[in-house]
Amino acid sequence: MNRHLALIQQASKAINLKAIMAMPSENHTLSATDAALATLLRRAEPCLWLNPRRQAVLPRAQPVAGSSIGLDDTRAAAARFARFAPLLARLFPELQATAGVIESPLLPASGLHVGQGRLWLKADHLLPVAGSIKARGGMHEVLEFAERLALRHGLIGAQAGPDDYLALASPAARALFARHTVAVGSTGNLGLSIGVAASALGFSAVVHMSLEAKEWKKERLRQRGVQVVEHAGDYEAAVAAGRAQAAQDPFSHFVDDERSLSLLLGYSAAALHLQGQLRDAGIAVDAEHPLFVYLPCGVGGAPAGITFGLRQVLGPHVHCFFAEPVQSPCFMLQMMAGQGAHPSVYDWGLSNQTEADGLAVPRASLPAAELMESLLSGCFTVHDDTLFRQLVQVLDATGERIEPSAAAGFGGPAMLTGSDSGRPWLAEQGLQQHLARATHLVWTTGGLFVPPDEYERFVQRGRALS
């Protein structure tokens, strides 16, 4: 009897399934396989969950948070970035070379072994301005808020072109923006993105940082004139405090990482650029050339936005997987529970303690989970020690410097092709026979601005573990 089957039988007998799922909805009771996963999750052991509700054929619009979004919304977010590009190039010298475009390269990673297929990096750890994937969603929401104010006050017209947006750097625009506050709750990277973008435009910026946030990220914000409010609680507590404070000020806009569609759509715009990068690299995505994408996941908005965009533009042959620390698997728990429940990692006896600060989230975004109901292929978990080993492997194989949270996705190929649950799923989906022609894409979500001494500490820990 293999280990996986033994766990299933043990879990089926010993576990109260309703209690484990923290009051799941009646439509989403646990299967025996999910019961085995529950055992592994409670033990904080790496595991893989595969989404039985994923759909190959999607409607034109996806329901989310009482609304619906589709490819036109993703294109609108991309168009907003384009309209602001000349202004961004003026505000941020590092964007002058790209004429204000905030994008990351697609890099081959042939030195990293994935078994069958080829491995590539979508190098969001190199994104300028914020140094992480949060430069996408965070920047988008700040720009959308600024655009809305500028239109309302006549600083730009409804038909304004990119050059007209340079008016938003004028004294009149800055005076308008200075009367408003942009606030956010964050473990680090989203706060960097929001704070840097908002302060550059002239807004008063406030970032509520949770206990997991790194000191160097707080200091980087303070150097930009951003007010950093430190909280003794976790991510969820910091977001709640920031939301409550902003609600008392009619001139405060709160960027709500747990609920924002603007954030999510900003992330989704990356899919349009990646589509072109794949084409330029000669990478086909079709039934015989599947694409597997591995995305580190915290509250879920960033990977959900990316997944939404990729499924819209690349269709059923892209399979997205979220990677989470073993102590903070909030999105996997939410997907297993289904709509009608909102479990916390604390309910499962997990600590939510991880060196992957951006992934230290106890409870998933409900809108993101709702959107992923039919789009996501699965979730998997990794040990912190694995993150540091993989960080060093990436450095040695590619020379790229990433932070621990950005290393989470590198365990995906082995988890998918080497686990007792991954192999049967590949066979059931008709993917096993095409693995030799598959592309594995790890989304490296942060690392550009990690201080050298901090990064050296990561490397020393990774080498000691290796």
Side-chain angles (χ1 to χ4, degrees), residues 41 44-49 122 124-125 130-134 136-138 184-193 209-214 217 233-239 257-258 263 267 293-307 320-335 343-346 348 350-365 368-369 372 376 378-391 394 402-412 415 442-447 450 454 458 461-462:
L41 283 163
E45 294 183 21
C47 57
L48 170 68
W49 174 81
K122 179 55 177 166
D124 271 12
H125 67 283
S132 79
I133 191 172
K134 302 299 185 177
R136 299 184 184 279
V184 67
S186 174
T187 59
N189 282 345
L190 181 63
L192 277 174
S193 171
M209 300 290 254
S210 61
L211 60 85
E212 302 89 359
K214 305 297 185 185
K217 295 182 181 181
D234 62 12
Y235 163 86
E236 197 171 35
V239 171
D257 199 14
E258 296 179 344
L263 280 177
Y267 297 122
V293 182
Y294 310 98
L295 295 141
C297 177
V299 74
I306 297 290
T307 298
C320 296
F321 295 86
F322 292 179
E324 301 179 282
V326 292
Q327 291 289 350
S328 303
C330 68
F331 211 87
M332 184 187 292
L333 297 182
Q334 184 61 54
M335 293 298 290
S344 166
V345 300
Y346 302 127
W348 287 60
L350 300 173
S351 70
N352 195 38
Q353 298 297 305
T354 172
E355 284 280 354
D357 54 315
L359 311 186
V361 177
R363 209 183 299 264
S365 161
M372 291 298 96
L376 185 64
C379 304
F380 64 94
T381 59
V382 296
H383 280 302
D384 269 22
D385 285 353
T386 301
L387 301 180
F388 287 96
R389 284 194 294 265
Q390 290 170 340
L391 179 149
V394 171
I402 62 175
E403 60 186 356
S405 58
F410 286 93
M415 184 67 78
V442 177
W443 214 286
T444 53
T445 50
V450 175
E454 184 87 353
F458 296 159
R461 178 170 171 178

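Both backbone and side-chain heavy atoms feed into the values below; hydrogens, waters and symmetry mates do not.
- At least one donor-acceptor pair closer than 3.5 Å links the side chain of Thr307 to the backbone N or O of Pro303.
- A salt bridge does not link Lys217 to Glu454: none of the charged side-chain nitrogens sits closer than 4.0 Å to a carboxylate oxygen.
- Of the possible polar contacts, none joining the Thr444 side chain to the Ala406 backbone as a donor-acceptor pair under 3.5 Å is found.
- When all heavy atoms of Gln334 and Ala364 are compared, the closest pair comes out as CB-CB, 3.8 Å.
- Residue Phe321 holds its CZ atom at 8.0 Å from CG of Leu376, rounded to the nearest 0.5 Å.
- The salt bridge (charged side-chain N to carboxylate O under 4.0 Å, His left out) test applied to Glu355 returns Lys214, Arg457, Arg461, not counting sequence neighbours.
- Listed by chain and number, the residues in a side chain to side chain donor-acceptor pair (under 3.5 Å) with Thr187 amount to none (sequence neighbours excluded).
- Applying the salt bridge (charged side-chain N to carboxylate O under 4.0 Å, His left out) criterion to Lys122, with sequence neighbours excluded, gives Glu103.
- Across all non-hydrogen atoms, the minimal contact from Asp357 to Glu212 is CB-O, 3.5 Å.
- Contact check for Leu41 versus Pro329: side-chain heavy atoms found under the 4.5 Å cut-off.
- Nearest heavy-atom pair, Leu295 versus Cys320, reported as atom, atom and distance to 0.1 Å: CD1-CB, 4.3 Å.
- Taking all atoms of both residues into account, the shortest heavy-atom contact from Leu263 to Leu190 is CD2-CD1, 4.1 Å.
- Annotation: ring pair (Phe, Tyr, Trp, His ring centres under 6.0 Å) contacts of Phe322 (sequence neighbours excluded): Phe331.
- Side-chain contact between Pro46 and Val382: absent, with no pair of heavy atoms (C-beta onward) separated by less than 4.5 Å.
- Applying the side chain to side chain donor-acceptor pair (under 3.5 Å) criterion to Gln390, with sequence neighbours excluded, gives no partner residue.
- No donor-acceptor distance shorter than 3.5 angstrom exists from the side chain of Ser405 to the backbone of Ala356, with no hydrogens or angles considered.
- A 4.5 Å side-chain heavy-atom check between Cys330 and Pro362 finds every atom pair outside the cut-off.
- Residues forming a ring pair (Phe, Tyr, Trp, His ring centres under 6.0 Å) with Tyr267 (at least two apart in sequence, or on another chain): none.
- The shortest side-chain heavy-atom distance between Glu236 and Glu258 falls under the 4.5 Å cut-off.
- No side-chain donor-acceptor contact under 3.5 Å links Gln353 and Asp384.
- No side-chain donor-acceptor contact under 3.5 Å links Thr445 and Asp124.
- With sequence neighbours excluded, the residues forming a side chain to side chain contact (heavy atoms under 4.5 Å, CB included) with Ser193 are Ala130, Lys134, listed by chain and number.
- Two residues are said to be in side-chain contact when any heavy atoms from C-beta on lie closer than 4.5 Å; Trp443 and Ile133 meet this criterion.
- Within the structure, no pair that satisfies the salt bridge (charged side-chain N to carboxylate O under 4.0 Å, His left out) test touches residues 322-332, not counting sequence neighbours.
- Between Val450 and Phe458 there is a side-chain heavy-atom pair separated by less than 4.5 Å.
- Contact detail for Pro343 and Arg363: the closest heavy-atom pair is O-CG, 3.2 Å.
- Between Met415 and Thr381, the closest side-chain pair of non-hydrogen atoms is not below 4.5 Å.
- Every residue two or more places apart in sequence or in another chain was checked for a side chain to side chain donor-acceptor pair (under 3.5 Å) with Ser186, and none qualifies.
- Taking Gln327 as the reference, Ala44, Leu350, Ser351 meet the side chain to side chain contact (heavy atoms under 4.5 Å, CB included) condition, with sequence neighbours excluded.
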* Asked: Passes side-chain hydrogen bond (donor to acceptor under 3.5 Å, both in side chains), Asn352 versus Ser328? Steps please.
  -> CA-CA 5 Å; Asn352 195 38; Ser328 303; 2.8 Å; yes
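- Phe380 pairs by the ring pair (Phe, Tyr, Trp, His ring centres under 6.0 Å) definition with nothing, not counting sequence neighbours.
- By the side chain to side chain donor-acceptor pair (under 3.5 Å) test, Asp257 is found to be paired with Tyr235, residues two or more places apart in sequence or in another chain being considered.
- One distance of note links NE2 of His383 with CZ of Phe388; it measures 14.0 Å at 0.5 Å rounding.
- Between Ala323 and Leu359 the shortest heavy-atom distance is O-CD1, 4.2 Å.
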